[in-house]
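As the structure is a computational prediction, the values presented were derived from the model and not from experiment.
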Amino acid sequence: MSDIVTLTVNPAVDVAITVDTIRPIFKLRAKSQRHDPGGGGINVARVIHRLGGSVSAIYPAGGPIGELLTKLVEKEGVASKTVRIAGNTREDFFVAEASTGQQYRFILAGPQLAEHEWSACLDLLSSLDPFPDFVVASGSLPEGAPDDFYARVIALSKRRGARTVVDTSGPALSAAVSAGVDVIKPNLREMRDLIGYQPADVNEWIAAAKDVVNERQAKVIALTMGHLGAALVTNDRVLRAQPLPITPRSAVGAGDSFLGALIWRLAADADLRDCFRWAMAAGAAALLNEGTELCRPDDVNRLADLVVTEVLSGSPPE
């Protein structure tokens, strides 16, 4: 079994096209088209695999789109185990407008999972032997899955001695934090919803993350803040990194690339500052690519040398 297993309970096939100009009524003919396997955990697994980590993916799949998703995951070289479901796996659509450089993202709801289907995902995870060192549960929950689904993943993984990582939003994130998750990676919107108020500046955002660590049992928070960079917060350490000065082509996959690199280095027992540096590089590397492409290893390696991390509290610089 892999060192890292990702669980994506609401996966998708991502369809990315480019058109000259978006106009109502007219037929908009695509200049380019690509299909990628998608969903938070699947994307994280793709990044970890690209960077040389040992990873496998668990996800439900159904219908013709589910068959296509499985083929796309296999094409990426990521080992996977699937749960067959009655509904058809969803598609997401990403449209780039060449004349303006704007990107439009259409996220479909996906199939509703019956109780025996989402329970089968937990059973499949529980059956792994040997059990992985890290379990990464990432992405939205589908209709039918309970808000505490990821909390159940955490409880199951804790019993088997694994560290847990959750990247989601809303009630599912709150339940995961209350369950004592090891790592979360919220963006500003997800963090605001978690804490219930809007911090005024970067210092207040970081203080809020610190409060969550101290009061709600998340051990590590990797807070991504867009043009403000990111912060990595533990009970005894706060790190901050500014964004790299690059011109983004697409924001799709940046968060998943960030998390994939972070977990890749954590699984290698790297120092948190090193993990953070590689995560920042991978997130920035994803911005260099068009459509639904994730980070590329050559870009990650190049950008990692440019990342500057600042120790705001805790251990001094190494």
Run the salt bridge (charged side-chain N to carboxylate O under 4.0 Å, His left out) test on Arg105 and Asp92 for me, step by step, so that the C-alpha distance in whole Å, both residues' side-chain angles and the decisive distance to 0.1 Å come before the verdict.
CA-CA 8 Å; Arg105 306 168 69 174; Asp92 293 334; over 6 Å; no
Are the side chain of Arg50 and the backbone of Cys295 linked by a donor-acceptor contact shorter than 3.5 Å?
yes
Ser32 side chain to Ile17 backbone, donor-acceptor under 3.5 Å
no
So, the side chain of Asp182 versus the backbone of Val165: is there a donor-acceptor pair under 3.5 Å, distance only?
no
Could you check Asp299, Val44, Leu294 and say which one makes a side-chain contact (heavy atoms from CB on, under 4.5 Å) with Ser257?
Leu294
Is there a path of hydrophobic side-chain contacts, each under 4.5 Å between heavy atoms of I, L, V, M, F, W or Y residues, that connects Val78 with Leu124?
no
Using side-chain contact (heavy atoms from CB on, under 4.5 Å), reason through Leu113 and Glu143 one step at a time and then give a plain yes or no.
CA-CA 6 Å; Leu113 265 60; Glu143 290 292 328; over 6 Å; no
Say whether, by atom type as modelled, one donor and one acceptor occur between the side chain of Lys219 and the main chain of Val181 under 3.5 angstrom.
no
Sequence neighbours excluded - ring-ring contact (aromatic ring centres under 6.0 Å, His included) pairs with any residue from residues 256-284:
Trp264-Trp278
Does the side-chain contact (heavy atoms from CB on, under 4.5 Å) test come out yes or no for Asp167 and Asp256, once each step is laid out?
CA-CA 9 Å; Asp167 184 11; Asp256 293 333; 4.2 Å; yes
Give a yes or no answer on whether the side chain of Thr309 reaches the backbone of Arg240 with a donor-acceptor pair at less than 3.5 Å.
no
How close do Ala179 and Ile154 get, counting heavy atoms only, and between which atoms?
O-CG2, 3.8 Å
Is Val308 linked to Leu239 within one hydrophobic cluster, defined over Ile, Leu, Val, Met, Phe, Trp and Tyr using a side-chain heavy-atom separation of less than 4.5 Å?
no
Do Pro60 and Glu117 have side-chain heavy atoms sitting under 4.5 Å apart?
no
Would you compute the distance between atom CG of Leu288 and atom CD of Glu293 and round it to the nearest 0.5 angstrom?
11.0 Å
Heavy atoms, side chains only, cut-off 4.5 Å: are Ile22 and Gln102 in contact?
no
Considering all heavy atoms, the nearest Gly144-Trp118 contact:
O-NE1, 3.2 Å
Find the distance between OH (Tyr150) and CG (Leu122) and round it off to the nearest 0.5 Å.
10.5 Å
Which atom names give the shortest non-hydrogen contact between Pro37 and Leu72, and what distance separates them?
CD-CB, 3.7 Å
Measure the shortest side-chain to side-chain distance between Leu188 and Leu223 over non-hydrogen atoms and say whether it is less than 4.5 angstrom.
yes
I'd like to know if the side chain of Lys81 reaches the main chain of Ser56, judged simply by a donor and an acceptor atom lying under 3.5 Å from each other, with no hydrogens or angles considered.
no
Any sub-3.5 Å donor-acceptor pair from Ser157's side-chain atoms to Ala162's backbone N or O?
no
Hydrophobic clusters here meaning ILVMFWY residues chained together by side-chain heavy-atom distances under 4.5 Å, can you tell me if Tyr59 and Leu125 are in one?
no
With no hydrogens and no angle check, is any side-chain donor or acceptor of Arg163 less than 3.5 Å from a backbone partner on Leu266?
no
Between the OG1 atom in Thr8 and the CG atom in Asn43, the distance rounded to the nearest 0.5 Å is 8.0 Å
Within this structure, what is the CD1-CG distance for the pair Ile246 and Leu303, rounded to the nearest 0.5 Å?
6.5 Å
Heavy-atom side-chain proximity of Val55 to Val136 below 4.5 angstrom:
no
Do Glu76 side-chain atoms and Val73 backbone N/O form a donor-acceptor pair below 3.5 Å?
no
Do Ile184 and Leu194 have side chains that approach each other closer than 4.5 Å (heavy atoms only, starting at C-beta)?
yes
List the steps, then state whether side-chain contact (heavy atoms from CB on, under 4.5 Å) holds for Phe94 with Ile107.
CA-CA 9 Å; Phe94 303 84; Ile107 309 301; 4.2 Å; yes
Side-chain contact, heavy-atom cut-off 4.5 Å: Lys185 with Thr224?
yes
Where do Asp148 and Ala175 come nearest, in terms of heavy atoms and distance?
CA-CB, 4.1 Å
Evaluate whether atom OH of Tyr197 has more than 12 neighbouring non-hydrogen atoms of other residues, nucleotides or ligands under 6.0 angstrom away.
yes
Would you check if Met191 and Pro199 make a side-chain contact, meaning some heavy-atom pair closer than 4.5 Å?
no
Sub-3.5 Å donor-acceptor pair from the side chain of Ser99 to the main-chain atoms of Asp20, do we have one?
yes
Smallest heavy-atom separation, Ser126 atom then Phe131 atom, equals CA-CE1, 4.4 Å
Side-chain heavy atoms nearer than 4.5 Å, only ILVMFWY residues, links allowed to pass through others: does that put Val13 and Leu7 together?
no
For Asn10 and Ser140, work out which heavy atoms get closest and say how close.
ND2-OG, 3.1 Å
Take Thr6 and Ile263 through the side-chain contact (heavy atoms from CB on, under 4.5 Å) test and state the conclusion after the steps.
CA-CA 11 Å; Thr6 69; Ile263 303 308; over 6 Å; no
Rounded to the nearest 0.5 Å, what's the gap from CE on Met225 to CD1 on Ile206? Could you check?
5.0 Å
Cluster check Phe149, Leu128: I/L/V/M/F/W/Y, side chain < 4.5 angstrom
yes
Kindly compute the distance separating CZ (Arg192) from OG (Ser169), expressed to the nearest 0.5 Å.
11.0 Å
Arg90 vs Ile65 side-chain heavy atoms within contact, under 4.5 Å
no
